[in-house]
Novice: 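Next up is a structure, given as structure tokens.
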Amino acid sequence: MRNVEFREQMHEYSQWRAKLVQGIEMYHEWRNRYGMNDAHSTNAILNIINSLQSDRITLAFVAEFSRGKTELINALFFSETGTRLLPSSPGRTTMSPTELFWDEKGGSYIRLLDIETRLEDISLSALKQHPERWLQIDLDCQSPSQMQEAFKELVATKSVDRELAEKLGLWNEHDAAEQGLLNQDKVEVPRWRHALISFPHPLLKEGLAILDTPGLNALGTEPELTLNMLPSAQAIIFLLAADAGVTKSDLEMWRQHVCVARGGARQSLAVVMNKIDAMWDDLAGETGYEESVRSQIRSSAATLKLDENAIFPVSAKQALLAKVKGDNRLMEKSKISVLEDYLANDILKQRRNILLAAVARDIGFMVNESLSLSEASLTNALAQLEEFKKIDFENKDMTGKLMAETRDKQNLYMANVENFQNSRQVFLVQAKHLIDSFDKSRIDPIIHRTREDMSRSLTTYSMKQHIRKLFDDLRDLLQESVDITNETRRLVKAIHKKFSEEHGFAEIEPDLFSIKQYQFELEQVFAEGEAFRASAKTTMTEQSIVINKLYSTIIAKARNIMRQAHADATAWSQGVLTPLMHQIKEHRRQIDSRLQTLRKINESKGNISENIAALEAEIVPLRRQRDEIATISKILYPKQEVRQSRSVEDASRRQETRV
């Protein structure tokens, strides 16, 4: 698949995402129009809209030096410039991790962060919030040559004292001895720690973002890359050199960084065997060349414990040349189209599924509830109309009896509303216990104590023990929340069951809170940190700034998990009874409407058929409300019915047919 087709796929994906946002906005307007909005639902809807609008598909390219990674990025995405946009000449390799994206507010620029910021106790994510800390070079997007010149900074280096290089985690005695550089007082290091590049390339404007990570040195000395940025990427593209296969450093990078970032899973993970043009052999012929490539793929797949179909043989250099020259034969020989097909189809399809799952998780319950309530309102109104058509309203005794029965239902409803308010107060007390179990007042002292203990540690082993203690304490804290969570869940179920049994409410299974995901995430962070700490690169820099950065990153991730648990528990407690409150409100509306209709009929001196016609007119807005939410649900879930509403919808259709 050619790049133009990938661009079309990205454009189609962007349009699909915009349509999804439009559907959610329509749903928000629908809830406002029919008086069903509340603070919790509004926040949930606005949050998912903001998340979708700022969504990016991040492709992370990971490889050791000289694997042709930057050349592959040029070939895949920037060939229409007619030049090698990002620097990838022999001997000129990207030195700093680089992010490419489109920042509509900030415009076109390259921002560069000084390497010496590693000495500061501040994370990369925090530094990104302070543009003044970065060197900014404005880009002229009408001049590829000016952009090329600016991008040369990505390969810039500088000479520093050996002591500073060691503090930065960029020099260790073992590596220096292997390279015969032990006696040198000066060390060449990357000038920049990180680079941010924004310019309005069509693919970047559609939401594509690219993370270009240089070799093992960068991944092994920047824990945030391995523990934060790589795991958040939509896909990781890992490069090998076809003529070298899987080297020792490739294997270390694969095991300690790529697999850690994917949590051991192989989804959204592809291996590119680049530089297959180095294996072209006129004497061996086409058959011999193809067999050499297949043999290298089999060997690499066995070493990486990966399916052979996940390895893509490519010549990035020839692909870029073919695209610039429009040489279809050379393009076919570069084999890049299979990789492009994977990116354009598999990755984008996976991203769609992820976004749909996020929508279903965050507002799917509300949409189902809205559809169920609308269906129930229409069905009840139709049933009441059918009932009234069969009643002899000339019989005043019959009308009076119906009014008395309806008033009894109204009184029973008022008594049960009072009971509901009492149950709700009990729930709020219980929910507060749950929320407080994740409160920062319990978590921050644990983290503060860990940081203090680590600052006094003299060995990496001691620091590791303090981190273990931190996670043990957080595990205990989560475990204490289990009993509170279970009790809260039982209470919510009991409240729902009471109103379902006493008033015949449609039984809506409450959306129950669970702490399992936070327990899993906490264990995963600890496992990732252990794998990173045990890597050869980290071992070489024991007691260095790298270890401090590692544990700072782990602590920050652990704290964010607990903060998320607190935020989710708060949001859940605010919204879990909302569907029941809507049912109670609708139940009252139905009783009041029935009583008012009976009163009108009883007091009316007009024709009974006129009163029936008035009732039929009142059904029109209910049918419109139901049809609107049905249309919205199809926009949000185009390939599936909302299961919870099927039986209710069928019932209302049957009622409409009879009427």
Novice: Would you name the heavy atoms of Leu204 and Leu100 that are closest together and state the gap between them?
Specialist: CD2-O, 4.1 Å
Novice: What's the verdict on side chain to side chain contact (heavy atoms under 4.5 Å, CB included) for Lys275 and Ser315, showing C-alpha distance, side-chain angles and the deciding distance?
Specialist: CA-CA 5 Å; Lys275 302 187 178 183; Ser315 171; over 6 Å; no
Novice: For Glu188, is there an ion pair with Lys158 - N to carboxylate O distance below 4.0 angstrom?
Specialist: no
Novice: Check Trp192 against Ser96 and note the closest heavy-atom contact, atom names and distance.
Specialist: O-CB, 3.2 Å
Novice: In the structure I gave you, are the side-chain heavy atoms of Leu330 and Lys325 within less than 4.5 Å of one another anywhere?
Specialist: no
Novice: For Lys152 and Glu149, run salt bridge (Lys or Arg N to Asp or Glu O under 4.0 Å): C-alpha distance rounded to whole Å, both residues' side-chain angles, the deciding distance at 0.1 Å, then the answer.
Specialist: CA-CA 5 Å; Lys152 286 180 181 179; Glu149 189 64 28; 3.0 Å; yes
Novice: Tell me whether Glu206 is salt-bridged to Arg7, with the criterion being a basic N under 4.0 Å from an acidic carboxylate O.
Specialist: no
Novice: For Thr70 and Asp212, what are the C-alpha separation, side-chain angles and deciding distance, and is it a side chain to side chain donor-acceptor pair (under 3.5 Å)?
Specialist: CA-CA 7 Å; Thr70 307; Asp212 183 0; 3.2 Å; yes
Novice: Indicate the atoms forming the closest heavy-atom contact of Pro231 with Leu225, along with that distance.
Specialist: CD-O, 4.1 Å
Novice: In terms of side-chain geometry, is the basic nitrogen of Asp277 or Lys317 positioned less than 4.0 Å from the acidic oxygen of its partner?
Specialist: no
Novice: Quick one: does Ile197's side chain get under 4.5 Å of Arg111's, heavy atoms only?
Specialist: no
Novice: If only atom types and distance count, is the side chain of Lys19 paired as donor or acceptor with the main-chain N or O of Leu636 below 3.5 Å?
Specialist: no
Novice: Determine, step by step, whether Ser108 and Ser198 satisfy the side chain to side chain contact (heavy atoms under 4.5 Å, CB included) criterion, reporting the C-alpha distance in whole Å, the side-chain angles of both residues, the deciding distance to 0.1 Å, and the verdict.
Specialist: CA-CA 5 Å; Ser108 302; Ser198 167; 5.6 Å; no
Novice: Stepwise, does the side chain to side chain donor-acceptor pair (under 3.5 Å) test hold for Gln350 with Ser268?
Specialist: CA-CA 8 Å; Gln350 289 171 16; Ser268 302; 2.3 Å; yes
Novice: Would Arg352 and Glu12 pass as an ion pair if we require N to O under 4.0 Å?
Specialist: yes
Novice: Begin with the C-alpha distance, continue with both residues' side-chain angles, and end with the deciding distance and a verdict on side chain to side chain contact (heavy atoms under 4.5 Å, CB included) for Ile137 and Tyr109.
Specialist: CA-CA 6 Å; Ile137 302 173; Tyr109 58 78; over 6 Å; no
Novice: Has the side chain of Asp161 got a donor or acceptor atom that lies under 3.5 Å from a matching backbone atom of Glu163?
Specialist: no
Novice: Measuring from Ser79:OG to Arg84:CZ, what's the distance to the nearest 0.5 Å?
Specialist: 12.0 Å
Novice: Treating Thr213 as the side-chain partner and Ala63 as the backbone partner, does any N or O pair qualify as donor plus acceptor under 3.5 Å?
Specialist: no
Novice: Is the Phe78 ring parallel, tilted or perpendicular to the Phe199 ring (thresholds 30°, 60°)?
Specialist: tilted
Novice: State whether the number of non-hydrogen atoms from other residues, nucleotides or ligands found under 6.0 Å of Asp121 atom CG is greater than 12.
Specialist: no
Novice: Can you name the closest pair of heavy atoms from Arg67 and Leu239 and give their distance?
Specialist: O-CD2, 3.7 Å
Novice: Hey, are the side chains of Ile110 and Leu196 touching, using non-hydrogen atoms and a 4.5 Å cut-off?
Specialist: no
Novice: So that I know where these two stand, are His201 and Phe77 an aromatic pair - ring centroids less than 6.0 Å apart?
Specialist: no
Novice: Under the salt bridge (Lys or Arg N to Asp or Glu O under 4.0 Å) rule, what do Lys323 and Glu340 come out as? Steps first, then yes or no, please.
Specialist: CA-CA 13 Å; Lys323 288 184 177 184; Glu340 290 182 321; 2.5 Å; yes
Novice: So, does Asp341 use its side chain to make a donor-acceptor pair with the main chain of Ser337 at under 3.5 Å?
Specialist: no
Novice: Taking the side chain as C-beta and beyond, is there a heavy-atom pair between Lys186 and Val160 under 4.5 Å?
Specialist: no
Novice: Begin from the C-alpha positions of Val271 and Ser300 and carry the test side chain to side chain contact (heavy atoms under 4.5 Å, CB included) through to its verdict.
Specialist: CA-CA 9 Å; Val271 174; Ser300 299; over 6 Å; no
Novice: Please give me the minimum heavy-atom distance between Ala209 and Phe101, naming the atom from each residue.
Specialist: CB-CB, 4.3 Å
Novice: In sequence, state the C-alpha distance, the side-chain angles, and the governing distance for Asp55 and Tyr13, and then conclude on side chain to side chain donor-acceptor pair (under 3.5 Å).
Specialist: CA-CA 11 Å; Asp55 172 67; Tyr13 167 82; 2.8 Å; yes
Novice: My understanding is that only one of Ile73, Leu72, Asn74 makes a side chain to side chain contact (heavy atoms under 4.5 Å, CB included) with Leu76; could you say which?
Specialist: Leu72
Novice: Does the pair Lys335 and Glu290 meet the rule for a salt bridge (Lys or Arg N to Asp or Glu O under 4.0 Å), with working shown?
Specialist: CA-CA 12 Å; Lys335 297 184 181 292; Glu290 291 287 353; 3.3 Å; yes
Novice: Is a side-chain donor or acceptor of Gln146 paired with a backbone partner of Asp140 at a separation under 3.5 angstrom?
Specialist: yes
Novice: Thinking salt bridges, do Lys128 and Glu99 make one under a 4.0 Å N-O criterion?
Specialist: yes
Novice: Run the ring-centre check on Trp254 versus Phe238 and record whether the distance is less than 6.0 Å.
Specialist: yes
Novice: Would Glu116 and Arg193 count as a salt bridge (Lys or Arg N to Asp or Glu O under 4.0 Å) here? Give the steps.
Specialist: CA-CA 8 Å; Glu116 294 184 23; Arg193 177 184 180 186; over 6 Å; no
Novice: Would you mind reporting whether Leu240 and Val272 have side-chain heavy atoms less than 4.5 Å apart?
Specialist: no
Novice: Regarding Asp114 and Arg133, does a basic nitrogen lie under 4.0 Å from an acidic carboxylate oxygen?
Specialist: no
Novice: Between Glu104 and Lys205, does at least one N-O distance fall below 4.0 Å, as a salt bridge requires?
Specialist: no
Novice: For the pair Trp134 and His194, name the ring-plane relationship: parallel under 30°, tilted 30 to 60°, perpendicular over 60°.
Specialist: perpendicular
Novice: Between Leu321 and Asp327, is there a side-chain heavy-atom distance shorter than 4.5 Å?
Specialist: no
Novice: Which pair of non-hydrogen atoms, one from Ile632 and one from Gly23, has the smallest distance, and what is that distance?
Specialist: CG2-O, 3.7 Å
